[in-house]
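So that the names make sense, note that chain A is the first sequence line, chain B the second, and so on, each numbered from 1.
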Amino acid sequence: MTQTTPFATGAGTGVGSSRSRVGAEGKVRGQLRHVADRPAGGAAHVAVHRSTRPHARIVAIDVSQAAEFEGVDAVVTGADLHAVFGDRMFTGPAFSDQPPLAVDRVRYVGEPVAAVLARDVATAREAAELVYVEYEDLEPVYDVDEALEGRAFVHDRLKPSIVFGDLRHLSGKSETNVAYEYNLRLGDAVTAGSQAAETTAHEFVAPPVHHVPIELPATVAWVEAGRLELFTTTQTPSYVRQAAADMLGLPLSHVRVRVAPLGGSFGSKMYDRLEPLMAALAWTQKREVRIVASREEAFMLTTRHGAKVISSMSTDAEGNIVAATADVRYDTGAFADVGPRITGKSGMIAVGPYRIPNVSITSRCIFTNKPSAGPFRGFGVPQVTWSHESLVDELARSRGEDPVAFRRRNLLREGDEGYMGTVIHSADFVGCLDAVTEAIGWDTPLEPGDRRWRRGRGVAVGIKAVLTPTVANAVLQLNQDGSATLMISTVDMGQGSDTIMPQIVAEVLGVDAEQIRVVAPDTDVTPYDTITAGSRSTYHTGNAVRGVSERMRERILDLAATHTGSRREDLKLDSGAVLNTATGKRYAISELVHEHFGARGATLTEEYNFTTSWQPYDKTTGRSPKVTEHWFAGAAAAQLLVDRKTGRVHVEHLAVAGDVGRAINPALVEQQLRGGGIMGLGHALFDELVFDQGQVLNGTLLDYQVPSVKDMPDRLTPIVVQNPHATGPFGAKGVGETGIIPIAPAVANAVRDAVGVRITRLPLSPERVLQAMNEAGVEE
Amino acid sequence: MRPPLHQPTSLDEACRLLDTLEDPMVYGGGTAIQILIKQGVLFAGNFVDLSRVPGLDAIEETGEGLRVGPMATVRRMERTEIVRCRVPLAAETYGHVANPRVRNTASVGGNIAHGDYRLDPPTALLVLDARVELTSVRGTRTVPIREFFVDFQLTAVEPGELITGILIPAAASGSTSAYVKMSSLGKNDWPAASVAALLDPERRTLRLGLGALAPVPRYVEVALDGGGVDEAVKTALSAVEPELDPIPDIRGSADYKRGLGMVAAEDAVRRAWEDAR
């Protein structure tokens, strides 16, 4: 595809303008209506009775007390649903293994076992505690190492869904906790490693963490004239429609999924969360049902995959990386969710954005008896970046070389074929690295601090593939008055899609973006879109929006030629009007459309589809010439102080850079880089879901920590790197995940620089840092 | 079901309610109670809300220092001029409680009645030798703050009693002080160790209040014999060490918290000493 539209901005709100966020005032004033703001009316309020055991057989469930409780309308168990839906009740994006309510067996503490429908929330919750379950304990599997020992199994049989053909071979597999295994083999990493001049090897651990969006998950469901209606907090309305239709055995036309603006998500509101249960309850109970998860329940709904990475990296005498290995173990919890996809897509770049001739990667998605892990900003990549960016830093240091110079020599460049087999384009790793190191003054002398507070600098680079293949559609209605209505199914959850998509339309049509409204996702109205995730929307949906806008432009010009008798080639759009460049005459769009239809308020409609494809990995090498539509490149650099006495880390300056191709809205891009940086800092320093025997110990906001305003670095510098992508809309790519990916290793590398200790387990809590310093004999 | 809420309009009525209701609990700002309700670990039959009892939120200057009503907000302790002038250590310490939203709602009386071992204000109240006034239908009595925190989440408040005032003597003119709060996770988190230090003008006596370092806030007093700050630190730490009995949790092991307590104590002593110059 070639760029046909010039970069001029329409009315100052087109591509490249930092127009302010749509709906910002409503958010600040609390006027924006979220899903839970829908009046409850006569809906039944739903509360869930949850498993108290990590792994057990359900012997019996006694719901009699709960059912007789004043104000309770119904109590529903997994067996009740199974009687209606059979195995159709099991859903999931990769495996059909998640029941909305447990059937026969529970697989984690907190798994839904029974649902209570009552007149109000308090009654429902009180009655849910009156459900009594008799369990027969089964041997639990608490972590990935135990899972691989193969003494106990979370599932008797693997149940890959029909959606992914490449998972079909796993169907019915038993006696394993490995849901999916991805292998990449290039050259001979073992031999090359053994003959290398220097090798560094470690075992890295990143714990499960939670997303903690401000808005809690909520779903309302009802049945209207034989159709199911869902009003829900989801990033994946098209997926939810399909899943509900499959479960209820309905045509897609009979399931409607609507979404209100989300108050943050970060991957937590995707695929099968509250929706399958609510769809099943509305359908079987024939009434409107409503649930707003409590904060404590939200911690049980999904987590980020904990991961262990056993890895090595080797260099020759000249400082060229010659071999790298990684054994990646993702803890996917009780259900596969999208774990198999994370395992492959993140496994394939597990040794970093480097030119490496000999690579061996094994990446496994492993079941344990924990809450199901799912997507989280970064899609598994931060966990492997934690490994490769720590390793490469250590390797540089063992050579006595500047870690930046060592990386620069080995980073992938434009046009290189990466070890995964795909070519690098519009992903300027070196540019990002240079930008962040310059920002923190990497080459200026470092004042080392005093006896107590030691100063250090660290850097890290990140690579991620965009979600591929995916489908995006856009429908544009040009209203007679020149305003426009854009129908897409991209969910705005704070990333700003409702702000930037109109900028693309404005750019093409030369109109003011303020005149363009984006319709809230509604599967009855807005067209199919794979998902809003994986930093894919700016590129994919953005391309669909650009395509539909260009069709609309041609339509208007055709119309103008017909109605004004002008030559088509003399016409162009100019600030809300059609300009005849030969005569200098201007024709207002509003008048042209009015004249065309003979009606005020009429609309012109166009649609456009944008679809990307990939080539699946080779079965033996794990390589593919087109594993992704494009790459994201990012880098972070940190300057910080470490308290020798307490182990506490204080970040003085954090610089975060991302190559975004081209920024549609530079202010929003900077906010994404900042937001990713701050979230990453939490993961680096204290964010962690702590488990003891399958039980979450800190599943409340009293105990679970996310960065507050007091945890901000003294300085936070976002840097927008722009190398336009050949097929991006105006050269643009996404940026939602780029910022978070390199943060934790940049911080750990700076701690290494400051006090000489290499920490391989996240987070870098003060206790862990202090213990490492004491063990290493760092002097006070 | 949630306990019924009673809203007396006089102190007498409040005392009568506390005397006659079954399992009553005083409701102040509610910031602790609401969390306990949410966690399902609150056991009370009735709430007695003090917000309509006039005069309970006064902060008054007295001959010895201050008298603070139980319904004064934590935020007012941080910001009110007479608190900042008369007991600057108290103002500083109250300013470290949670965040501004909580400080604007939480009450001074409810704060200490909650009795959590990690609270900030008790550390300052201990070194300032505050007294707690308790009232019931039986009359009024006063308990030294140093005897107020009895055991893990247990205070000297007897059934039927409510806190009607905290009496805080001003430190001698020329005294210097500091409050050091150390968290191990986010900076806005509960402390993993906190220490308030108060040094008399002649630098003869050093008083320390320890928070989060034992099942109850602890008080330590040491006599100094004219040495320098290093000497004072050494003396203080040897007195503090045996008092440390931290509870291990996700914020750190007992060993780590013990070490953190020693660092916090040293930092507090040095800052109080510097403050004297």
Side-chain angles (χ1 to χ4, degrees), chain A residues 69-71 120-123 125-129 207 212 294-297 452 643-651 678 681-682 684-692 696-713 763-771 773-774 780, chain B residues 1-3 31-41 95-102 114 116 118-119 180-195 212 233 237 246-268 270-271:
Chain A
F69 194 75
E70 168 77 25
D120 56 52
V121 176
T123 304
R125 287 189 179 159
E126 207 170 337
E129 289 182 16
V212 198
S294 69
R295 180 60 69 185
E296 290 68 29
E297 283 179 305
R452 177 162 176 185
D643 185 349
R644 174 60 192 94
K645 288 191 162 190
T646 66
R648 185 153 197 106
V649 172
H650 174 84
V651 180
I678 292 164
L681 212 48
L685 297 175
F686 44 71
D687 225 313
E688 174 178 19
L689 262 179
V690 182
F691 285 87
D692 182 29
V696 178
L697 295 187
N698 58 344
T700 75
L701 286 186
L702 271 184
D703 290 322
Y704 192 87
Q705 306 281 306
V706 288
S708 75
V709 68
K710 289 185 178 172
D711 296 298
M712 293 303 106
L764 278 75
S765 65
E767 180 165 11
R768 199 164 273 152
V769 174
L770 184 69
Q771 192 183 349
M773 288 192 288
N774 288 342
E780 277 199 37
Chain B
M1 294 300 285
R2 286 195 187 183
T31 52
I33 284 177
Q34 287 298 337
I35 289 168
L36 297 174
I37 289 174
K38 231 180 129 183
Q39 292 178 331
V41 295
H96 275 87
V97 173
N99 54 61
R101 265 178 72 207
V102 169
H114 182 38
D116 193 282
R118 299 165 294 187
L119 297 167
V180 170
K181 177 175 183 172
M182 288 181 168
S183 58
S184 61
L185 304 174
K187 279 191 190 150
N188 236 353
D189 189 25
W190 286 105
S194 68
V195 178
V233 166
L237 292 188
I247 302 170
D249 60 12
I250 55 156
R251 293 172 176 84
S253 65
D255 275 352
Y256 179 71
K257 289 183 178 182
R258 212 173 278 122
L260 208 58
M262 298 293 271
V263 179
E266 173 167 357
D267 285 1
R270 289 191 187 279
R271 273 188 37 205

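- Interface check for chain A: of the options Ile35(B), Leu260(B), Leu185(B), the most heavy-atom pairs under 4.5 Å are formed by Leu185(B).
- In this structure, CG on Asp249(B) lies 7.5 Å from CG on Asp703(A), to the nearest 0.5 angstrom.
- With a 4.5 Å cut-off on non-hydrogen atoms, Lys38(B) touches chain A through its side chain but not through its backbone.
- Taking 4.5 Å as the limit, every side-chain heavy atom of Glu767(A) sits out of range of all side-chain heavy atoms of Ser184(B).
- Only the side chain of Glu296(A) has a heavy atom closer than 4.5 Å to any heavy atom of chain B.
- Heavy atoms of other residues, nucleotides or ligands lying less than 6.0 angstrom from CD of Glu70(A) number 12 at most.
- Going from atom CG of Asp267(B) over to atom CG of Asp643(A) covers 8.0 Å, rounded to the nearest 0.5 Å.
- Closest of all the heavy-atom pairs between Lys710(A) and Lys187(B) is O-CD, 3.4 Å.
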Practice item. Please report the C-alpha distance between Val263(B) and Arg648(A) in whole Å, then the side-chain angles of each, then the deciding distance to 0.1 Å, and finally whether the side chain to side chain contact (heavy atoms under 4.5 Å, CB included) criterion is met. Key: CA-CA 12 Å; Val263(B) 179; Arg648(A) 185 153 197 106; over 6 Å; no

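- Contact annotation for Met262(B): neither backbone nor side-chain heavy atoms come within less than 4.5 Å of a heavy atom of chain A.
- With a 4.5 Å cut-off on non-hydrogen atoms, Leu685(A) does not touch chain B at all.
- Of the atoms belonging to Ile250(B), it is side-chain heavy atoms, and not backbone ones, that fall under 4.5 Å from chain A.
- What you find for Tyr256(B) and Pro766(A) is that their closest heavy atoms are OH-CB, 2.9 Å.
- For chain B, the nearby part of Ser708(A) is the side chain; its heavy atoms alone come within less than 4.5 Å.
- Using a 4.5 Å heavy-atom cutoff, the side chains of Gln39(B) and Leu702(A) are in contact.
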